[in-house]
Asker: 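Sending over a structure as structure tokens; questions will come in a sec.
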Amino acid sequence: MTESGPQPPQVMQVSADALKRAASVLADGGLVAFPTETVYGLGADAGNDKAVAAIFQAKGRPSFNPLIVHVPGEAEAERLVHVDDRAQQVIELFWPGPLTLVLPRRADAPLSLLVSAGLDTVAVRAPAHPAARALLEAAGRPIAAPSANVSGHVSPTAPIHVAEEFPDGGGGLLKLILAAGRCPVGVESTVLDLTGDVPMLLRPGSVTREELERVLGPVELAGAEAGVKAPGMLTSHYAPSLPVRLNAAAPNDDEGFLAFGPDQFIRGGHERLNLSPTGDLHEAAANLFAMLRALDKPCCKGIAVMPIPEVGLGIAINDRLRRAAAPR
Ligand code: TXA
Ligand code: MG
């Protein structure tokens, strides 16, 4: 018999059997990667300290960076956090969906303290993806889940990305990847802090500031303080290993090229991909992380990205691109 080290995670397409297995891994304190409409999450029983600690360990995530707790809906969220009128209004409109709410933690919340990373708040979200909903139902407990990537890397939008991030299951902690193809939205959820007098947007996503302001009135955009409020919004993030150059009209000879909209440059660039030849921001968001990964290859010295309009979902796309391009 040969000694075997940590094993790669098992990959199972979503099915009744796979959901049963996933629920049992979670109940045993193991980690399960699962699809959501935004990105794949690295899930653990949110009430189990050891399981939540395993998330931080597998990702190499700083312990001061809190986690999103996933729930089926408002009723389950109310056991964890204080849901005020404002929260109720946006929940009615946007849940289930890609909107995370930061709310005051209930003193008796059945949650590991580690999910809040020392804050007196909890970020809660009800995902819309049918596989995520089925997993929440099978598990029968809130699931803490950050994006299923090594801390600082590009978020995963397909099962293969998760497998590449954790070839040995993050030291054997990630037991199972629930696979259901590509994530339809492609960028992480909007994070809205409702603990202060004025709602604050901590992370732009596909639920836009305009949509939120229609319901809530003025929503502040977290600036420099976002790094304090949402410790995960460190400047450099979502980063491929190659340097990223933004607002490029055309690639240099040694660069890969990520185009957007009609792209008439034939010369230069080893590799070129187009986020959306028709200039559709939803298509671009869904392609963003997979294409950054595809261009992050040794053939190139860097990745040049065409300008993306700073409107609607473009705001979230540009936020992720600026972080990918930020000094490391
Ligand atoms: O779309 C998503 O939100 C995905 C899927 C899996 O749900 N999850 C995700 O998690 O992107 P993560 O951990 O990669 O990003 C969560 C962000 C981080 O910036 C974190 O700092 C912030 O939310 N956050 C979590 N809890 C918070 C809290 N109590 N207060 C302020 N920010 C918080
Ligand atoms: Mg993340």
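Every number for a ligand or one of its atoms is a count from 1 in the order of the listing.
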Asker: For ligand 1, is any non-hydrogen atom under 4.0 Å from M200's backbone (N, CA, C, O), its side chain (CB onward), both, or neither?
Answerer: neither
Asker: What are the atoms of ligand 1, with element, lying closer than 4.0 Å to any heavy atom of R125?
Answerer: 1 (O), 2 (C), 3 (O), 5 (C), 7 (O)
Asker: For ligand 1, which atoms, with element, lie under 4.0 Å from some heavy atom of R203?
Answerer: 2 (C), 3 (O), 9 (C), 11 (O), 15 (O), 16 (C), 17 (C)
Asker: Using a strict 4.0 Å threshold on nitrogen-to-oxygen distance, state whether E78 and R106 make a salt bridge.
Answerer: no
Asker: Report the distance from atom CD1 of I68 to atom CG of L101, rounding to the nearest 0.5 Å.
Answerer: 10.0 Å
Asker: Check this for me, if you would: do E76 and R141 make a salt bridge, where the nitrogen-to-carboxylate-oxygen distance has to be below 4.0 angstrom?
Answerer: no
Asker: Is it true that a side-chain atom of Q10 and a backbone atom of L176 form a donor plus acceptor pair closer than 3.5 Å?
Answerer: no
Asker: Counting each atom of ligand 1 from 1 as listed, which ones have a heavy atom of S147 under 4.0 Å away?
Answerer: 8 (N), 9 (C), 10 (O), 12 (P), 14 (O)
Asker: Within the 4.0 Å heavy-atom shell around S189, which atoms of ligand 1 are there?
Answerer: 1 (O), 2 (C), 3 (O)
Asker: Please say whether Y40 places an N or O atom under 3.5 Å from an N or O atom belonging to ligand 1.
Answerer: no
Asker: Does ligand 1 have a heavy atom under 4.0 Å from the side chain of L67, from its backbone, from both, or from neither?
Answerer: backbone
Asker: Please state whether E37 comes within less than 4.0 angstrom of ligand 1, counting heavy atoms only.
Answerer: no
Asker: When you look for heavy atoms under 4.0 Å from ligand 1, do you find them on the side chain of T121, its backbone, both, or neither?
Answerer: both
Asker: Are the side chains of V115 and R105 in contact, using a 4.5 Å heavy-atom criterion?
Answerer: yes
Asker: Is K297 salt-bridged to E271, cutoff N-O under 4.0 Å?
Answerer: no
Asker: Which of the numbered atoms in ligand 1 are under 4.0 angstrom from any heavy atom belonging to A123?
Answerer: 25 (C), 26 (N), 27 (C), 29 (N)
Asker: May I ask you to check whether R61 has an N/O atom sitting below 3.5 Å from an N/O atom of ligand 1?
Answerer: yes
Asker: Would S151 count as a contact for the Mg ion (ligand 2), in the sense that one of its N, O or S atoms lies under 2.8 Å from it?
Answerer: no
Asker: I need the atoms of ligand 1 closer than 4.0 Å to a non-hydrogen atom of I68, numbered in the order shown.
Answerer: 3 (O), 8 (N), 9 (C), 10 (O), 16 (C)
Asker: Between D319 and R323, does any NZ, NE, NH1 or NH2 come within less than 4.0 Å of an OD or OE carboxylate oxygen?
Answerer: yes
Asker: Can you confirm whether L99 sits close enough to L93 that some side-chain heavy atom of one is under 4.5 Å from a side-chain heavy atom of the other?
Answerer: no
Asker: Any heavy atom of H70 closer to ligand 1 than 4.0 angstrom?
Answerer: yes
Asker: Taking the basic N atoms (NZ, or NE/NH1/NH2) and the acidic carboxylate oxygens, is any pair closer than 4.0 Å for R214 and E210?
Answerer: no
